[in-house]
Amino acid sequence: MTAPTERLTMAQALIRFLTRQHTSRDGREQPLIGGMFGIFGHGNVAGIGQALQEHRDAMRYYLPRNEQAMVHTAAAYAKMHNRLRTLACTSSIGPGATNMISGAAAATINRVPVLLLPGDIFAGRRPAPVLQQLESGASPDLSVNDCFKPVSRYWDRIERPEQIVTSLPDAMRVLTSPADTGAVTLALPQDVQAEAYDYPAALFEPRIWKIPRARADRDRLREAAAMIRTSRRPLIVAGGGVIYSEASDALRALVDATGIPVGETQAGKGALPEPHPLAAGGIGATGTLAANLLARDADLVIVVGSRLSDFTTASKTAFQDERVRFITINVAELDAHKHAAVPLVGDARAALEELGELVAGYHVETEYTERIAFLIAAWQAEAELVCGACRDLSRAGGLVQTEVIGVLQQALTPNDTIVCAAGSLPGDLHKLWRARDPKAYHLEYGYSCMGYEIAGGIGVKMAAPERGVYVLVGDGSYLMMAQEIATAVQERIPITIVVFDNQGFASIGGLSASLGSGGFGTRYRYRSHATGELDGDLVSVDFAANAASLGARACRVESLAALRAALTAPAPDDGPVVIVVPVDRDARLGGYQSWWDVPVAEVSTMAEVQRARTAFETARRRERDFL
Ligand SMILES: Cc1ncc(C[n+]2csc(CCOP(=O)(O)OP(=O)(O)O)c2C)c(N)n1
Ligand SMILES: [Mg+2]
């Protein structure tokens, strides 16, 4: 007896397959692919495009304005769904495909699933070279889609229609793997997309990918528990893995029982929702004074679901106790083995629960409890001062970014989500924002990709329509990828976009100044007729007019009171609102007992650079090897 088959094009089979995939964790089942974004060209219009049209009831199609942006939207959607759901992205060949590469890198680096389907050159080669084809004299097998390889966790080129029968299940395995997930790229030659094949009907059976809560090794757990019991100044670093694993309750239970304080990474902010007496706030290069002093003196650091990037470790200067040891809880071995830690390779929630049982009865000593309380209270007083909690809202002009953050914090509800990615905002928010819910703080700070913000905000709102979504974006980032406002208008997606206009790249300007280079190349200046240098008048952009031209309701506010009024006005439920806030470029919040390794020129004729180099060499001595 022959198994039943169905004759479909490869593209039709692929779409049909995707509509049948589900994930399930803790008994909650949901469709894996929430829809497909795509921009068509000759590389996908008649293949995937035709298949999407034919399957439009089962797979919703969305038209974005830029391929990089649509990958950010998919990643934000996936992050908001704790990686249990994502969106697929289809592009044409050539530039449409390569536009997705920054998005792929951002997703992979953040360990967030996205399914990318770039069109590719003819597998049959006969009409080669086709429009937009990269020609290699050495290997005709190469195409621009090979550039996706290093930024994808799974990569395949579908050169025969039957290949998807094995490639698709493999791709779904990686997409849904807590440890291996990231960008999954299937390059689809345009001729093969349209080719028919008798596919086994079983390929289209509904399939549920059960997301495991992998258990850590029991011996390592016992070893870790013994280390906690003998520690005097333990500290937990909570990363994004806590949130993805929905481990906030387990984390709270552990810290309530033991008195261990928590510092949060950018991805982990909200892991221990505030207010909580042991929440020391952001940690690392952009961390709070409380978290950074606790880190400096900690004798044991329990890292949960973090990649331990340089921002988290302040370029390996954050932990200064000579005998400091690390325990890591992570689904990925790559992360679990960092800092010579005792690796608990497994799911965050499961490991925190098991660890909690093993350390029952342990509590930090009173002296440490008192120090934690003192540091957290002192930090909160500082943060309130910085946010201008007591200042006059009606004062016009000279608005300062941290005060604007203060007004936002007061206006938003605990369930609202802020979205941000690059510039000076992430550092200020990491220190100042009080995340009152695990999904309240959505920062893309693995790739810190300018342009993520608005596209990401769309994905967040699509994933959580019940939440208010506030995109916080610098003027520089806005100018890189504002066009997705038109997509939000088209899809009637109500998000609020707050543009912080400080007329240029203030964060990098500040960094450059601190390294002796005086902010070179970071302001929007006309080229001077007199000198030929970029030191003429400021080039200013009318962001409100720009946003309005894309279809948003837009305004510019000149005072904190006007900002508050704009934020609390009833928001339309059928499209984006853009609020432009001019902020002082030079009023910036410094670091708190932290450092970030950015090398300064070893030789220079500039005295300022020489001074910065000396300071750099001194600071670098605090960098540690954890072997
Ligand atoms: C795509 C991309 N290009 C360059 C950078 C490097 N970079 C980081 S922040 C920044 C300036 C951001 O300017 P803006 O959005 O206005 O924020 P501000 O620094 O003024 O707060 C630049 C160029 C980046 N992160 N992403
Ligand atoms: Mg700026």
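Ligands are counted one by one from 1 in listed order, and the atoms in each one are counted from 1 as well. FYI, side chains are in, hydrogens and waters are out, and symmetry mates aren't considered; it's all heavy atoms of this structure. These numbers were taken from a predicted model, which means no experiment stands behind them.
Here the side chains of Lys431 and Tyr592 are in contact, with some heavy-atom distance below 4.5 Å. Counting heavy atoms from C-beta outward, Tyr526 and Asp535 have side chains that stay 4.5 Å or more apart. By the 4.5 Å heavy-atom criterion applied to side chains, Phe37 and Val71 are not counted as neighbours. Looking only at side-chain heavy atoms (C-beta outward), His339 and Val303 stay at 4.5 Å or farther from each other.
Using cut-offs of 30° and 60° on the angle between ring planes, the pair Phe543 and Tyr478 is perpendicular. Taking the six-membered ring for Trp and thresholds of 30 and 60 degrees, Tyr452 and His442 have nearly parallel ring planes, at less than 30 degrees apart.
Under 2.8 Å from the Mg ion (ligand 2) lies an N/O/S atom of Asn502, whether from backbone or side chain. Coordination check, Gly504 versus the Mg ion (ligand 2): passed, since an N/O/S atom of the residue sits under 2.8 Å.
Contact atoms of ligand 1 toward Ala506: 18 (P), 19 (O), 20 (O) (distance under 4.0 Å to a heavy atom of the residue). Here is the list of ligand 1 atoms found below 4.0 Å of a heavy atom in Ser424: 18 (P), 19 (O), 21 (O).
Among Gln490, Glu484, Gln483, the one residue that satisfies the side chain to side chain donor-acceptor pair (under 3.5 Å) test with Arg65 is Gln490.
Residue Ser507 places at least one N or O, backbone or side chain, under 3.5 Å from an N or O of ligand 1. The shortest N or O to N or O distance between Asp475 and ligand 1 is below 3.5 Å.
By the 4.0 Å heavy-atom criterion, Ser102 is excluded from the residues contacting ligand 1. In this structure, Ser448 counts as a contact residue of ligand 1, since one of its heavy atoms falls inside 4.0 Å of the ligand.
For atom 23 (C) of ligand 1, the nearest protein heavy atom (residue, atom name, distance) is Met450 SD, 3.4 Å. Given atom 17 (O) of ligand 1, the protein heavy atom at minimum distance is Gly423 CA, 3.7 Å. Nearest protein heavy-atom contact of atom 8 (C) of ligand 1 is Ile508 CD1, 3.7 Å. Looking at atom 15 (O) of ligand 1, its nearest protein heavy atom turns out to be Ser477 N, 2.9 Å. Ranking the protein heavy atoms by distance from atom 11 (C) of ligand 1 puts Phe505 CB, 3.4 Å first.
When Gly474, Gly476, Gly451, Gly504 are checked for heavy-atom proximity to atom 20 (O) of ligand 1, Gly504 turns out nearest.
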Checking Arg556 against Asp542 for the salt bridge (Lys or Arg N to Asp or Glu O under 4.0 Å) test, could you report, in this order, the C-alpha distance in whole Å, the side-chain angles of both residues, the deciding distance, and whether it holds? CA-CA 9 Å; Arg556 180 180 165 96; Asp542 186 342; over 6 Å; no

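For Arg613 (side chain) and Val600 (main-chain N/O), a donor-acceptor pair under 3.5 Å exists by modelled atom type.
At a threshold of 4.0 Å, the pair Arg467-Asp437 counts as salt-bridged, since one of the basic side-chain nitrogens sits closer than that to a carboxylate oxygen.
The closest approach of Asp475 to the Mg ion (ligand 2), by N/O/S atoms, is made by OD1.
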